There are 2 protein chains.
Amino acid sequence: MFSKSCQYAIRATIYLAMHQEEGKNLGVKEIATSLDVPQQFLAKILQQLSRQNLVSSIKGPNGGFYLSPENKLNSLLQIIECIDGPLTLNSCVLGLPQCSSVTPCPLHFNFFEYREKMRQTLGATSISNFSNPGLPPYPTY
Amino acid sequence: MFSKSCQYAIRATIYLAMHQEEGKNLGVKEIATSLDVPQQFLAKILQQLSRQNLVSSIKGPNGGFYLSPENKLNSLLQIIECIDGPLTLNSCVLGLPQCSSVTPCPLHFNFFEYREKMRQTLGATSISNFSNPGLPPYPTY
DNA sequence: TATTGACATGATTTTGAAAACATAAGTAGT
DNA sequence: ACTACTTATGTTTTCAAAATCATGTCAATA
């Protein structure tokens, strides 16, 4: 459904939201270790998010990544589209470029409704949702 | 969402259902040309489906692929799981193996309902649905 | 029974995502 | 200023999916 890069991006962003403390930055090393993902690979992904102002970063000693108040207002959908592109949840499940509601593929309407709802949910879920303490426990990242 | 192999498998199966005439077999060549997919690659995929009795084939002159009455009773989900494996629509969207309804990832319940409904729809849609004449027109395969 | 046309199978190549490597650039503290 | 630490960037390598190549197997028919 999502590329690995995208999965890592989501997990890292949520990790940031959950573990961020006032004025404390989280290094790639810590995040990558905690999520058990390749550090260098995650670094690139975070940089990609950073370039689009979806996460914030500071270089040097005590540097790292954090979420600014604005960053937290972004939605999960923005994270996803930043990495996998804007067509991820929109393009035809059979890979047909001409497919649309006007010229639908045989499966178009089997998926359209659910995929649209997923999009809406992801678009309506802001990152700040995950910084809320008291969330249920999650499996290891 | 689905691998290319899987997309090709679905399209080819539906093509078979739509274009099959009494006692007439369709060759890989014709199918591949019509769907605009690599012929040899499609051949492998059809063989995979054939080995699991999801499509039928006959060798030799006038040979080709066709759907037996039993084949038509199969569901789209069976086609998909034959190619992409049984976990395609079940596994965690973030790729976390431990994720389940008991130990959910942060996005588990955002997707669970819709994915489950997709599964049900696909499982309830038999191939015979597509041999029904009078279906709406489809974009080029 | 030989030929031909089709599917079947194994091995190989290509391609792009995923991962790793190497180095640059910036910042805090000494 | 110098060092250490961390993000940023460009290049290379790895790996699996996608695609191709080469050959085998089977059946219709002349």
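Just so it is clear: chains get the letters A, B, ... in the order the sequence lines come, proteins before strands, and each one is counted from 1. Note that the coordinates shown come from a computational prediction; the quantities given were computed from them, not determined experimentally.
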Nearest-neighbour nucleotide for the A:F41 side chain, C:dC7, D:dT20, C:dA19 considered: C:dA19

Distance below 4.0 Å between A:K4 side-chain N/O and C:dA19 OP1 or OP2: yes

Interatomic distance, A:N74 atom CG to A:K72 atom NZ [nearest 0.5 angstrom]: 12.0 Å

Sugar-phosphate only, base, or nothing, as touched by B:K29 at under 4.0 Å among non-hydrogen atoms: nothing

For atom CG of B:N53 and atom P of C:dA8, their distance in whole Å: 12 Å

Sugar-phosphate, base or nothing in reach of B:I58, heavy atoms under 4.0 Å: sugar-phosphate

Shortest side-chain distance from A:S50, nucleotide among D:dA8, C:dA19, C:dT27: D:dA8

Distance in angstrom units between A:Q47 CD and C:dA19 P, rounded: 16 Å

Donor-acceptor pair, side chain of A:R11 and main chain of A:V37, under 3.5 angstrom: no

C:dT9 base / B:K59 side chain donor-acceptor hit below 3.5 Å: no

D:dA17 phosphate, OP1 or OP2, under 4.0 Å from B:S5 side-chain N/O: no

B:S57 vs C:dA8: side-chain N/O to OP1/OP2 distance below 4.0 Å: yes

Residue-phosphate contact under 4.0 Å: A:Y8 side-chain N/O, C:dA19 OP1/OP2: yes

Most 5' of A:S3 and A:P61 on DNA chain C, judged by nearest nucleotide: A:S3

Short side-chain to backbone donor-acceptor contact, A:N90 and A:L87, under 3.5 Å: no

Atom-to-atom span, CD1 of A:I45 to P of C:dA19 - whole angstrom: 8 Å

Spacing of B:K44 atom NZ relative to D:dG24 atom C1', expressed in whole Å: 12 Å

Between C:dG26 (P) and A:N25 (CG): distance, integer Å: 18 Å

Any donor-acceptor pair under 3.5 Å from A:N25 side chain to A:I58 backbone: no

Distance in angstrom units between A:D36 CG and C:dA19 C1', rounded: 14 Å

B:H19 and B:Y15 aromatic ring geometry - parallel, tilted or perpendicular at 30°/60° bounds: parallel

Whole angstrom value for the distance that separates P of D:dA17 from CD1 of B:I83: 13 Å

A:Q40 CD - D:dT12 P separation (whole Å): 16 Å

Of A:N62 and A:R51, the one whose closest DNA chain D nucleotide lies more 5': A:N62

